[in-house]
Amino acid sequence: MIAIIDKSYYSTMRVLVAPKAVRNDNRFALDDAINAQNAKYKICKFYLDNENNLIMDSCLMSSDDDFNAETFYYLLQSILPCLEEFYPQAMDSIWSK
């Protein structure tokens, strides 16, 4: 997990869920799983980056001038249930034939 803090009004908590998640013919199953999860939760969004890594992002309004670590910690506590729910589904989609 990394925290991305820049000059914008948003900070991002980014989690690498699965590296190189797209394998052979699992792209459609993985896309379906990602879309279903993204429709379910507002607090975190899953996507495949340009290298086919499965990523989860969650944003928090804060700038580099007023970053609050305690609020970021509460965000982490809020996204854990989303990640814990989705991880087994993602692994099924990644490793299914």
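Position 1 is the first residue of the sequence; numbering continues from there.
- With sequence neighbours left out, the side chain to side chain contact (heavy atoms under 4.5 Å, CB included) criterion links E85 to Q37, K40, Y41, Q89.
- Under the 4.5 Å side-chain criterion, counting only non-hydrogen atoms from C-beta, S58 is in contact with I43.
- Two residues are said to be in side-chain contact when any heavy atoms from C-beta on lie closer than 4.5 Å; R23 and L30 fail this criterion.
- When the shell of 6.0 Å around OH of Y47 is examined, it contains more than 12 heavy atoms from other residues, nucleotides or ligands.
- A heavy-atom distance below 4.5 Å is found between the side chains of I34 and F86.
- Between I55 and V17, the closest heavy-atom pair is C-CG2, 4.3 Å.
- Distance CG/L76 to CE/M13: 4.5 Å, rounded to 0.5 Å.
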Would you please test F46 and L83 for side chain to side chain contact (heavy atoms under 4.5 Å, CB included) and show each step? CA-CA 9 Å; F46 294 88; L83 183 58; 4.1 Å; yes
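- Of all non-hydrogen atoms in A90 and L54, the two that sit nearest each other are CB-CD2, 3.7 Å.
- Between D31 and L48 there is a side-chain heavy-atom pair separated by less than 4.5 Å.
- How far SG of C82 is from NZ of K45: 8.0 Å, rounded to the nearest 0.5 Å.
- T12 pairs by the side chain to side chain contact (heavy atoms under 4.5 Å, CB included) definition with I4, R14, D57, C59, not counting sequence neighbours.
- The hydrophobic cluster containing Y87 also contains W95, counting ILVMFWY residues as joined when their side-chain heavy atoms lie under 4.5 angstrom apart, directly or transitively.
- When all heavy atoms of A33 and S93 are compared, the closest pair comes out as CB-OG, 3.5 Å.
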